[in-house]
Amino acid sequence: MADASPQIRLPGRNALSGRPAITHANQDGGKPGLVIEELVHLGKLNIRGAADILPGITAQTGCQSLPENNRFVTIGERHLAWLGPDEYLLLCEAGREDEIQTRLRQDFEGIHAAVTNVTDGLCALGIRGGSVRKVLAKGCALDLHEEVFAAGQCAQSLLSHAGITLLATGETRFVLVCRTSFAPYVVDWLVDAALEYGVSYRT
Amino acid sequence: MGFFSKTPAPQIVRLATGGRVNRTKPLTFTFDGKTCQGFAGDTLASALLANNIHLVGRSFKYHRPRGIMAAGAEEPNALVRVGRGNLAEPNLRASQVELYDGLYAESQNRFPSLKADVGAVNSLMSRFFPAGFYYKTFMWPASMWMTYEHVIRRAAGLGRVADDHDDPDRYEKTNAHCDILIAGGGAAGLMAALAAARSGARVILADEQNEFGGWMLAEGDVTIEGGSPADWVAGIIAELAAMPDVTLLPRTTVFGYMDHNYLTLTERVTDHLAVRPSHLPRQRMWKVRARQVVLAQGAHERPLVFSGNDLPGVMLSGAVRTFINRYGVVPGNRCVVFTNNDDGYRTALSLQQGGAEAVIVDLRHEVRSALIKMAKEAGICIMTGHAVTIASGTQRIARVEISPVNEDATRVLDDPVHMDCDLLAMSGGLSPAVHLHSQARGKLAWDEELLCFKPKSVHEACFNAGACNGVFGLAKAMADGLKAGAAAVRACGLDAGDHLPPVVTAPPQNWRPMPAWKIPNGQPEGEGPKAFVDFQNDVTASDVKLAVREGYQSVEHVKRYTTLGMATDQGKTSNINGLAILADALGDEIPNVGTTTFRMPYTPANFGAIAGRDIGNLFDPTRLTRMDDWHRAHGATFEHVGQWMRAWYYPQTGESMQEAVNREVLAARTTAGLLDASTLGKIDIQGPDAAEFLNRIYTNGWLKLGIGKCRYGLMLKDDGMVMDDGVTTRLGENHFHMTTTTGGAAGVLDWLEEWQQTEWPDLKVYLTSVTEEWSVATLSGPNASKILKAAGIDISLDPADFPFMSMQDAHIAGLPVRIFRISFTGELSFEINIRARHGLALWQLLMNAGRDHGITPYGTEAMHVLRAEKGFIIVGQETDGSVTPHDLGMDWIVSKTKPDFIGKRALARASMSDDNRKQLVGLVTRDRKRVIPEGAHAVLEPNQPMPMEMLGQVTSSYYSPNVGGSIAMAMLKGGRSLKGGTVYLPMLDGDMIEADVVDPIFFDPNGDRING
Amino acid sequence: MLLINCPHCGPREESEFSCGGEAHIARPLAENTLTDAAFADYLFLRDNPKGLFLERWRHAAGCRRWFNMARDTVTHEIIEIYPMGSLPKTKAGKVAHAASWRRETAAEAAAKPAKAKAPRAKKENG
């Protein structure tokens, strides 16, 4: 165990620290149908507010408009996802969340809005692969057809017994956000569900 | 033919050519110890018949010998147990088990063997087993029912489940969405699928068989587009398979149809494989949400109800044709075809083409049909106006009696002729398979001509097509399927296009059967061999009539009294015959009698598939804190708190739980204790009305709380009962940080959201869960400040600078932390919150810094003892949803001046101030070493007779090393008035614990220790 | 299993929702004196009709927002989904709302600020 020294600095431990990589081969010989990676320390801010938060959002994230229902907008490495009326989730570069939170709060001065840092409370996984939609469908009742849940679409739903926020970043790519304490379960579940397609969980 | 023969018997009745079996792929299988051979493409039923095995089971109630009656899902008799050990599965219909190499099957309901079953004595005793027998005989005395039932279930029952409780097979579930789901891939289903798929719709086509095509594969006398049906089907399937939005699911049964077009399917993924790949599920349950549904499940042929109709070798007419034309098996040499419609003629022709002799016994007196002409030209003997009155044989049909009957087949007109035979094919007309339609609350109408119930109107967004819609015959069914498919397409808002059905040639068949429900046998009612209506449940025509004589009139009552149409079979072959006989007995018309409700599943669904992967560690998520690794590495014992695993106590080598907890509890009051409190619920509350919102949520006042200050709050439901508690801190003018109990976290956030959204939408406040954003280490005890200093805290911890019930942001060893000076132990205590990623580092830092100051990690058990010593309640332990603040002696926290808060009005109800309500008190046992079991009930007078008058129950009870004796909290009626008195706690073993009633605070009553 | 058209997220499976029971139960303000019996109408009594029922639902696993639903408890048909704080707009929904015995209760009348006290009730917080 570490000493009580003042040397401890970022990054700290991520949601799935200490979890070994797992691979199940694709029995058909091809690439694994699912690849899972934690997006370590991806910044996450829960943002609440009505349309009057847009100037602040634009100034701090570059988003020119708030995402419509069930959609997210992408600016560079950042995604701003609609979660509900007056509620958004900003995913940003690791380590930038404090700074963005501070600035947004300044910009929101005088209007009814809230910014809450949920970077550590939530875990983001990058999941991709030719079978990613089939794997998700085993535990998620959303219509995941690539033309229905197309890139740019997001939703909060359930994956088996875990609440998730799902962002389709491509035809075969998603960002899956869940509560940090559910992340081991979600990874276990995904690895198990992808058995027939081959799966690789990478650390 | 001895048991365990190693040489497969020859397939003695297999045709040399024809059918869908692959004669170059012989497969070996075992049935009741006998090694047999079949071919790829066989079902277990067709392979057994190929080996001339007809006797395959014993019946449910009478243990009568039973054979294979059908070729599909409607098989009521041939239920077998397939597989060995814990892979075994009972009650599978042999007609639906695909053959694979090495298949191992056993017959059921027989002892010691199928041919010499001792239970068959039930059959001889059958006069004593009439309808409702169990109800009549075993219901008295009621207390004995459990004993009777146990014996009956063993004697009767269907098959035996697997030998072991662990099912090693893998099962999965999946969700699916589509525009159009088509249940059934026969003539109508395929045409519907084609119409749907060509429109660009997302289509799921499911069929329970291994190949699509349904009855088309069973007919040798039809052509489609000039070729064989199988060739045409192959072409259609190839077209469908090439479309990306079409999902073809063979071996998949649509077994349930629920609200809003939600259907459940079981796909048998590897059941048919000799070697099942471990990465694939054995079965997969599909949960499909469809915009439109086309039901094309076909129809079931009805048996004729005549004496001896359950003998092995008595089969449905269409099934015989299926075995001949699809599987190349002619199941008899001398065959009687007994029919009330044209279908028997096609079967007779097929039999003759297969090399067997056939005689047609037709109940109808006058028959005009091209098929009759064809049969006559083929030289088949036809006896019109005749009936098979009695079939006999021991373990297979051996002979029949055939008599002339009157025009409506209710009376025998003359003595019978006897005829030897080894097969009887019967046809009583078709019953549309309306099971799914009925599950989905579709209405039925009686068709006077076809003598069947067929769909009248639908409740869900669905269309019926083909035989299940009462549209019989290949060409008509195809046209109907196309029509239904196109209608479904249009209902989805798509262009249905203009498709034509294929050109079909088929024998001209009149589909109207003659009504003849109970075939007379020339003897008085109830005499002579049994005539079965429901083969699976062993219900005879006499049973139905008996039920009516005993006063049952409603079809639903008769169903339950006789068991007709119940259980796994769901009346597939028996429903209409039973209804007709019931109607006749009641002197009413069939449509007036109505029909029973078909329940799901259509055919039995495996529990494994319903459970899917919700087993083992995937059954329920287990949530761990960020400090969990340390607890594990240091030998902690854990307890479940909701989904969380919390460190319970940390036993050192050789320590008992009590010893470990004592050590932890003492350390927290003499040196320092460290608790992982990360699981506490935390809610970030922001907005200009945040204080007002809290003011309405909590019982006490919140408007004047200073920034940086903490306050304890109690939340009530609107009925005035305590629901949660916790400390909330004002971080800014419009910003609060609320904590909740671990178990209450999600519920409290939901509760706050509900009030904000539904009752006070005008209040400007936003709520966000931050439970997992923060890891929390609670450092408690006289040395707490010293340890924080050693750890490198950068703020003054002097109570003057950092008073009790306040919050400060600080750094420990450079790490930003938020520290709340609050206490659940009564000691000087700091709840140190840190970004969760640093939770483990914080814990390690504190443990290292505290090494020289006696720091001791403590778990939830010590936490409970410490708070009980101080008399602090735990919501959910002292409270149970029926406890008010007043009951807890916490009036001090209930504002008298606020105009409203949740629960205020309810607390003012007259009954709330009843002095006899249960109130919180402390108990100390006379025997100070004796710890009262939690949940024990207290009485005032120990010598009263039972049942004793209970005062209430002990809610918390521990040994307190700081007090030096046992302490307990209890909720007792009029508890506060009992203080100074004594109560008694009777134990199960007759012992009686004596305890004094005291204030529920046992240690440091003046709170002197809070500043260290 | 119902398919519920969340007003914000669109059609989702019933498993994502939680049902909050009868809708349009006005909460009496504590400032209004109400007998215990009249208060019990609000606190304890709930309808459970066969047929059309106006009820509250929450998209628990989605946007977490509450809404109202007019649902037939026999056919499970969802007639109407409408926002919190508003009344049904369909004819059947309006009839069901008006027909409720609750409309006539003292508890419902007491959900509005007492006229005499209205001006001072607002600021007197403790």
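Letters A, B, ... mirror the listed sequences (proteins, then strands); counts begin at 1. Any value given below was found using the heavy atoms of this structure, including those in side chains, with hydrogens, waters and symmetry copies removed. Note that the structure is predicted; figures quoted are calculated from it, not measured.
Between atom CG of residue A:Leu142 and atom CD of residue C:Glu16 there is a gap of 6.0 Å, rounded to the nearest 0.5 Å.
Taking a 6.0 Å sphere around CD of A:Glu146, one finds it holds more than 12 heavy atoms contributed by other residues, nucleotides or ligands. Annotation for A:Arg19: atom CZ counts as buried by contact number, over 12 foreign heavy atoms lying within 6.0 Å. Within a 6.0 Å sphere centred on NZ of C:Lys50, heavy atoms belonging to other residues, nucleotides or ligands number 12 at most.
Shown here for C:Arg12 and A:Asn70, the closest heavy-atom pair between the two residues is NH2-OD1, 4.1 Å. Counting all heavy atoms, side chain and backbone alike, C:Cys63 lies closest to A:Gln156 at CA-NE2, 3.9 Å.
Side-chain atoms of C:Arg65 do not come within 3.5 Å of backbone N or O of A:Gly84 as any donor-acceptor pair. Side-chain N or O atoms of A:Asn69 include none that pairs as donor or acceptor with a backbone N or O of C:Cys9 at under 3.5 Å.
Taking chain C as the reference chain and counting heavy-atom pairs below 4.5 Å, the highest number among A:Ala141, A:Ser157, A:Gly163 is found for A:Ser157.
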